[in-house]
Amino acid sequence: MAKSPEELAKERLARIEAAINLQEPDKVPLWGVGGDIVAAYAGITQYEFCYDYDKAVKAIEKFMRDFPFDTSMAGLMGLEGRIFCVAFSEFPDISPALSLITGPMHDVLGDKYYRYPGRELDENATPQFLGGTFMEPDEYDELIEDPVGFVAGTILPRACTNLDTPRKAMATWVRLGMECSKFFSAAGEIGRVSAELGYPPFPMGWGYSPLDIIGDFLRGVGTVVLDIYRYPDKVKKAAEALTEPITNYALYHKYMGARYAMIPLHLNEYLSPKLYNEFYWPYLKTVILKLYEEGIKPLVFFEGHHDAHLDTILELPEGWGIAYFEKTDVVKAKKVLQGHSCVMGGIPMGLLVGGTPMKIEEYIKNLLEEVKPGGGFILAPGVGTAPSETPVENMHALIEAVEKYGYY
Amino acid sequence: MQEELFNKIVNMDEEGSIKLAKEYLDRGGKPQELLEVCRRAMDAIGEKFEKGEYFLSELLLGGEIFKSIMEFVLPLLEESETTKLGTIVLGTVKDDIHSIGKDIFKAFAQAAGFEVIDLGVDVPEEKFVEAVREHKPDIVGMSCLITAGISSMKRTREALRASGLEDIKIIIGGGRVDESVKQFVGADAWSDDAARGVRICKELLGVEG
């Protein structure tokens, strides 16, 4: 007999929580796939998916129904909005709401950070974060002195055409609030549909790494890396100054019931261990520890190759959260972190796009043999965004392979 | 002085190396020799990266130092004085607007002696085809960061084939490419780092790496 949605959700949640708590679940949890494929599978454009919430919710429902992963990563489209979270970090009710900037919000802001389909990009292109340079090197002192004031008062008017005068800004903030409310109402609808389909509630907040704020939103990714060599003391002090507002922002998610917090990293793979340990890790570590102390387990996405920095994770308390790897070899990572951190990742997106069902089955079988023992592992795509052309049979093959080889 | 300059570049002394390169020319040093030192230094940086001693940050700064020195060295050189390994037509594929990976690769490819025709980002298939017809390169380099770029690479490969440009060597690069993506796209080689990418380009042309 088929399981009721409640039973299914309970089973899935227990599976994921066991892995996070470094135990062996009944079966290896399989984290969901999302990305362009969700819209493509429903036959709508990326533009429609980004701008028409009714169509997006229907597309997400169809995807969740047909691809039963243990969590659903098919969600409404939004791009990193953390600079706005920093600007509003004195306001617990507003700051977390701006974690993601959707297409309609991008229109309201008239910002230079994002590129959306049907706007700057083709209707079938993926929305993309571009970032840029919005701060000069001689402004580091202002940033260090008053990070929130500098971001709110100087950076945002530069980065958003609709915030460039106080009068325009008044209208823009009101309009943004109205867009947020539409977004949260659609997100609520997805929550309802998820429960109906047996997906467990997984209340997830957000966090960010202080140096990534400077790279992504203030100086540009390439430029901040050069700044580290050119103005090391300033960069360090700026990352330190941003740590408090970011920690506050991350902790506000507690009031919204978050039990986990996603922290996606960007500059980690750019830096040598020496630079990572000096400019990046101490501030990120502070954010992680504060969340952990407040009962929120961070899910840190270590983008790219994190091999050189693996040992630093051991500085965190045992069971601190989830270490999600993109290109780091998860077999090696699991050996290093066994009994200390829940390890997540393992499925290269290239395999899902370019492989065959047979290759996928073989790959999953071999991988699980290595990483299953002892539990504490969540199987996930290295990067969760599957392109439009991802073969549907490959996603089914992935789910079936875990069903076949995933049980303990 | 050449050895000192080489060391300064490899050790990431941006200010010091640019200053020394200028002094070298002021004292009557040959621009051709200066170019050679910079090339050797970039090669050494790439090698250190491949060994895991250097990271992306060093590739970025290395590329920056090279560009800064070339700004005042290249105008002093006649075209005949710069040896050319081959030509690469390079671009980030359609619907992807990311450029960092492409730009790092470009700096190292130029340093290695390749002429690079940079088509920019979000480059449609037909623009690659046009550029290949015009420049007759030895290699086409396609870059992408987002996963959607994987499909664009495949379409570009097909467009080149459909236009009868079958024989051209294709290398793909970027954060999300791997062996499976290479097979899916039908490329000749792949790399997810610039240093290895340049080495592979040399190998594709049968030049000693």
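Throughout, a chain's letter reflects where its sequence line sits, starting with A, and its residues are numbered from 1.
A salt bridge is absent between B:Asp178 and A:Lys327: the closest approach of a Lys/Arg side-chain nitrogen to an acidic carboxylate oxygen does not fall below 4.0 angstrom. A salt bridge links A:Glu326 with B:Arg176: at least one charged nitrogen is closer than 4.0 Å to a carboxylate oxygen.
Within the 4.5 angstrom heavy-atom criterion, atoms from both the backbone and the side chain of A:Leu271 approach chain B. Residue B:Leu60 touches chain A through both its backbone and its side chain, counting heavy-atom pairs closer than 4.5 Å. Contacts of A:Val353 with chain B are made by both backbone and side-chain atoms, with heavy-atom separations under 4.5 Å. With a 4.5 Å cut-off on non-hydrogen atoms, B:Lys154 does not touch chain A at all. Proximity to chain A involves both the backbone and the side chain of B:Leu61, based on heavy atoms less than 4.5 angstrom apart. Looking at A:Leu121, only its side chain comes within 4.5 Å of chain B, counting heavy atoms on both sides. Looking at B:Glu58, both its backbone and its side chain come within 4.5 Å of chain A, counting heavy atoms on both sides. For A:Tyr229, the part sitting under 4.5 Å from any heavy atom of chain B is the side chain, from C-beta outward, and nothing else.
Note on A:Thr390, A:Val383, A:Leu275: by heavy-atom pairs under 4.5 Å with chain B, the leading option is A:Val383. Between chain A and the options B:Asp103, B:Ile150, B:Asp96, heavy-atom pairs under 4.5 Å are most frequent for B:Asp96. Note on B:Ser99, B:Ala148, B:Ser151, B:Gly149: by heavy-atom pairs under 4.5 Å with chain A, the leading option is B:Ser151.
Rounding to the nearest 0.5 Å places OH of A:Tyr276 at 13.5 Å from OG of B:Ser57. The distance from atom CG of B:Leu56 to atom CD of A:Glu269, rounded to the nearest 0.5 Å, is 5.5 Å. Taken to the nearest 0.5 Å, the NZ atom of B:Lys94 stands 4.0 Å off from the CG atom of A:Asp122. Going from atom OG of B:Ser180 over to atom CE of A:Met349 covers 12.0 Å, rounded to the nearest 0.5 Å. Expressed to the nearest 0.5 Å, how far NE2 of B:His98 lies from CZ of A:Arg115 amounts to 10.5 Å.
Between B:Asp95 and A:Gln128, the shortest heavy-atom distance links the atoms O-NE2, 2.6 Å.
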B:Ile146/A:Thr385 under side chain to side chain contact (heavy atoms under 4.5 Å, CB included): CA gap, chis, key distance, verdict: CA-CA 8 Å; B:Ile146 54 169; A:Thr385 50; over 6 Å; no
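At distances below 3.5 Å, not a single donor-acceptor pair connects side-chain atoms of A:Ser272 with backbone N or O atoms of B:Phe55. Looking only at distances, no side-chain donor or acceptor of B:Gln183 sits under 3.5 Å from a matching main-chain atom of A:Gly354.
Residue-environment remark: CD (B:Glu179) exceeds the threshold of 12 foreign heavy atoms within 6.0 Å. Summarising the local packing, NZ of B:Lys169 is surrounded by 12 or fewer heavy atoms from other residues, nucleotides or ligands at distances under 6.0 Å. At most 12 heavy atoms of other shown residues, nucleotides or ligands fall within 6.0 angstrom of atom NZ in B:Lys19.
At a threshold of 4.5 Å between non-hydrogen side-chain atoms, the residues B:Asp192 and A:His305 count as touching.
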